[in-house]
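Written below as structure tokens is the structure these notes are about.
First the proteins, then the strands, lettered A, B, ... as listed; each starts at 1. None of these values were measured; they are calculated from a predicted model.
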Amino acid sequence: MIPIILKDGSVYETTEGASWRDVASGLSRRLGKEALVAKVDGKLEDLDKKASPEEKVEFCTFADEEGQAVYRHTSSHLLAQAVKRLYPEAKLAIGPAIADGFYYDFDTEHSFTTEDLALIEEEMKKIKKADYPVVRQELTHEEAIALFEEKGEPYKVELIKDLPADEQVSIYKQGEFTDLCLGPHLPSTGKIGVFKLLSVAGAYWKGSEKNKMLQRIYGTSFPKKKDIDAYLQRMEEAKRRDHRKLGQELELFGVSDEGPGFPFFYPKGMTIRLELEGFWRSEHQKAGYQEIKSPVILSRSLWERSGHWDHYKENMYFLKIDDDDYAIKPMNCPGAMIYYNNRVHSYREFPMRIAELGLVHRHERSGVLHGLMRVRCFTQDDAHIFMLPEQITDEIIGVIDMIDHFYRTFGFTYRVELSTKPEKAMGSDEIWDTAINALEKALEVKEIPYKLNEGDGAFYGPKIDFHLQDSLGRSWQCGTIQLDFVNPESFDLTYISDDGSKKRPVMIHRVIFGSIERFLGILTEHYGGAFPIWLAPVQVKVLTVASRHTEYAADLAHKLEKEGIRIEVDDRNERVGYKIREGEVQKVPFLLVLGDQEVESQTVSVRKRSVGDQGAFTLQEFIDNVKEEISQKT
RNA sequence: GCUGAUGUAGCUCAGUUGGCAGAGCAGCUCACUCGUAAUGAGCAGGUCGUCGGUUCAAAUCCGACCAUCAGCUCCA
């Protein structure tokens, strides 16, 4: 008998030679059926592996993220096996599990079509049905290279050559198919429930655009049909929330062929935007910021001085004025530097918080444009804070708190990343280390978990990024806090210290929305177009039952307008049902239905968006309720 | 920028082997004066993304370009 330590610390005795699968089955019939992989001392192992004594084991099922990853990873091997059967000349690259599914990259002359995906799926079903055992095998480095060279898999050979030569290489076999793989995997191909291939797209080998572009097939898999159906339905629902679709339907914003990447804001979208900016202004005034506006076009010499000419040129637009070179600003910082330098500053002014809603233009490559999320001109809700070195941590904490307050107002959860010195950077390593330490310290004080992104900082300093997700689960950077020791140097910023000497201030750049355009795109998807009343372009829509109610409607509308409520009147000769439908489709928070009863009793019938008829209220009651809801920003 | 797909009325989409450009919704006009998610009838609306080629004839076949979509790469 050998003792196994379970998750809860208890000891389970199993017989010599038993596998992890036997242990799982021994614990409970259900676990034996549902266990996908064993987690032994924190490391995932195949269920077929022999159970080892005195080790702490737990079992992952599809309910666990790790179980799902293994499940999808084996699914990707199913895909690869099917492709090799149908297209033997296809070369295998890599095929990992990803969030919600898996992919596999292939190199082949044939370009996969959606019809091919159906055929590949059929082949995968055969492989599943055959229920091949998935068998792990370990080879030496040389044996592995020889094996994949013989199989004609150059990408696999390249991968093995990147591995340490003195270590064993693991491979997995299922039927006639063999793949280089770290594992672990499900015990057999029949363990995969239902799967679907979703799309095919190009992807660079090893993620570098210098390398060959391969073909990537995306798919997903679930144990039960109802789960995959639910997943596919969720994706459909997400598409309905796409801000590009809603922007068009609700007449908020759009882009035209005449200006790829340069979005238009229509009157209704502009209303939301102005509300966002109004909220932003009042919060910044409260937090001690002053607002400036710097010009969109500035001279070449400025951009050379700021480093943008050397480090950011490929993203900038240029023009000539009277034979001199100018550039359209891709960032607001140099403008803020010029503002700072327009007079002498004292340490007593610090921290000096200078905010700017600055319109920047950046040349983005055509393939990356995406509605309002990725555009060629956008408005950063920027601010530059000038301060003493000892004020850094407090100021960063202040900005983190402000970002949190903003995102909470909209009901967002977010992810934080810290990015360090990139290859193409200005400034010494010492300066960078100091800056990174300051950012880390602020995050530690706030106890915010974050992901470290080595080498992902801006060319002038490290940054803390705040990421929000769109309706399809894609993540977009919005807020960012960037420490900058470089620009104060380049622009020779100074202040008069308490001992009367000139010193160098420290500066941070920060944005909260990030880009107002992107933020509005994300907001649109977040609310599915049903904006809370403080943001809704039309807050109340007044509907008449018949033409004789027009006068009463106009009178009420006038009173609501005087209260600062955004209203529309629909007094067309249409049925009430038709007008209500239209109001609901336009996602107006409140509809007021006015007919004989309301005129008679001098009331309004209130219909709340997506809830329905709320009954009759006096106009004053309704106004009070609406104003309360607007001020609550809910 | 790269790989693949797509581009027909304001929107969503039909359009067969090349042979007169179509529907629904929206818009406009008329009738109905109506009570909580679509009243009926009529009218109008199109360089078929752009440019070029093949053909007696091109929305349809070929080429180039532009834009969009998915993904990759790159970034707020």
Side-chain angles (χ1 to χ4, degrees), chain A residues 103 105 111-114 198-218 239 242 244-245 248-249 251 254-261 312 314-315 330-331 358 360 362-382 419 456 458 463 465-468 472 474 476-480 482 509 511-519 521-522 543-550 572-586 591-598 605-615:
Chain A
Y103 67 78
D105 286 347
S111 20
F112 294 120
T113 63
T114 26
L198 300 169
S199 61
V200 51
Y204 298 107
W205 166 237
K206 286 185 173 170
S208 167
E209 61 184 327
K210 293 191 186 80
N211 292 337
K212 184 168 184 186
M213 181 157 275
L214 311 173
Q215 294 186 65
R216 174 172 299 178
I217 297 178
Y218 283 94
K239 277 185 197 154
D242 191 311
R244 292 165 297 186
K245 196 171 157 61
Q248 165 83 298
E249 285 170 5
E251 299 183 299
V255 279
S256 134
D257 275 7
E258 282 75 10
Y312 210 69
E314 63 278 18
N315 283 301
M331 295 187 195
V360 298
R362 296 182 185 175
H363 177 70
E364 297 290 347
R365 301 204 274 185
S366 59
V368 307
L369 301 178
H370 184 90
L372 290 188
M373 306 293 206
R374 190 77 184 269
V375 289
R376 286 181 171 150
C377 78
F378 57 98
T379 307
Q380 289 184 307
D381 62 318
D382 223 329
S419 299
D456 236 7
K463 55 181 189 168
D465 291 329
F466 295 76
H467 294 254
L468 300 176
L472 291 172
R474 291 175 291 212
W476 298 93
Q477 184 184 322
C478 290
T480 171
Q482 309 182 344
H509 313 243
V511 288
I512 291 180
F513 293 140
S515 134
I516 298 200
E517 289 76 5
R518 176 178 289 182
F519 196 81
I522 291 175
L543 315 179
T544 54
V545 173
S547 54
R548 63 180 173 280
H549 310 122
T550 303
R572 292 174 302 174
N573 272 339
E574 285 293 347
R575 274 131 187 85
V576 183
Y578 179 85
K579 298 184 191 181
I580 286 173
R581 178 184 151 76
E582 206 169 88
E584 290 281 351
V585 167
Q586 292 167 347
L591 303 177
L592 297 184
V593 178
L594 306 180
D596 291 339
Q597 291 162 32
E598 288 74 21
S605 273
V606 177
R607 186 187 162 98
K608 198 174 162 75
R609 175 177 62 198
S610 73
V611 177
D613 195 354
Q614 303 288 289

Shortest side-chain distance from [X], nucleotide among [options]:
X        : options             : value
A:Asp596 : B:G71, B:A76, B:G35 : B:G35
A:Val368 : B:A37, B:U33, B:G1  : B:G1
A:Thr480 : B:C34, B:A76, B:G27 : B:A76
A:Ser111 : B:U33, B:G4, B:G35  : B:G4
A:Gln482 : B:G1, B:A76, B:U36  : B:A76
A:Arg374 : B:U33, B:G35, B:C75 : B:C75

By the 4.0 Å heavy-atom rule, please label [X] as base, sugar-phosphate, or nothing.
X        : value
A:Gly207 : sugar-phosphate
A:Ser208 : nothing
A:Asn315 : nothing
A:Arg609 : nothing
A:Glu574 : base
A:Gln477 : sugar-phosphate

_Contact check, side chains of A:Arg474 and A:His370, non-hydrogen atoms, under 4.5 Å_ = yes
Using the [atom1] atom in both, what is the distance from [N] to [M], to the nearest Å?
N     : M     : atom1 : result
B:A23 : B:G4  : C1'   : 31 Å
B:C20 : B:U3  : C1'   : 40 Å
B:U6  : B:G46 : P     : 27 Å

Partner lookup for [N], please. Criteria are Watson-Crick or G-U wobble with both distances under 3.5 angstrom; report none if nothing qualifies.
N     : value
B:G7  : B:C66
B:U54 : none
B:G45 : none
B:A31 : B:U39
B:C2  : B:G71
B:U12 : B:A23

Does [N] have its OP1 or OP2 closer than 4.0 Å to a side-chain nitrogen or oxygen of [X]?
X        : N     : value
A:Arg581 : B:U36 : no
A:Arg365 : B:C72 : no
A:Arg575 : B:A37 : no
A:Arg244 : B:A67 : no
A:Gln215 : B:C72 : no
A:His509 : B:A76 : no
A:Arg376 : B:C75 : no
A:Tyr103 : B:A70 : no
A:Lys463 : B:A76 : yes

*asked:* Under a 4.0 Å threshold between the charged nitrogen and the carboxylate oxygen, would A:Arg548 count as salt-bridged to A:Asp596?
replied: yes
So how far is it from [X] [atom1] to [Y] [atom2], rounded to the nearest 0.5 Å?
X        : Y        : atom1 : atom2 : value
A:Ser547 : A:Glu574 : OG    : CD    : 12.5 Å
A:Tyr204 : A:Glu209 : OH    : CD    : 5.0 Å
A:Glu364 : A:Phe378 : CD    : CZ    : 7.0 Å
A:Ile516 : A:Gln380 : CD1   : CD    : 10.0 Å

*Tell me which of A:Val593 and A:Ala546 sits closer to the 5' end of RNA chain B, going by the nucleotide each one is nearest to.*
A:Ala546
*So which one's nearest nucleotide on RNA chain B is more toward 5', A:Ala201 or A:Ser547?*
A:Ser547
In whole angstroms, how far is the [atom2] atom of [N] from the [atom1] atom of [X]?
X        : N     : atom1 : atom2 : result
A:Leu369 : B:C75 : CG    : P     : 15 Å
A:Tyr204 : B:C2  : OH    : C1'   : 3 Å
A:Tyr578 : B:A37 : OH    : P     : 15 Å
A:Glu258 : B:U68 : CD    : C1'   : 13 Å
A:Glu364 : B:A76 : CD    : C1'   : 9 Å
A:His467 : B:A76 : NE2   : C1'   : 10 Å
A:Asn211 : B:U3  : CG    : C1'   : 14 Å
A:Tyr218 : B:U3  : OH    : C1'   : 12 Å

*Would you name the heavy atoms of A:Cys478 and A:Leu468 that are closest together and state the gap between them?*
SG-CD1, 3.8 Å
*Looking at A:Gln477 and A:Asp465, what are the two nearest heavy atoms and their distance?*
NE2-OD1, 2.9 Å
*In terms of side-chain heavy atoms, does A:Glu584 have a donor or acceptor partner in A:Ser610 at a distance below 3.5 Å?*
no
_For B:G1, does the base pair up with any side-chain atom of A:Glu314 as donor and acceptor (N or O, under 3.5 Å, distance only)?_
no
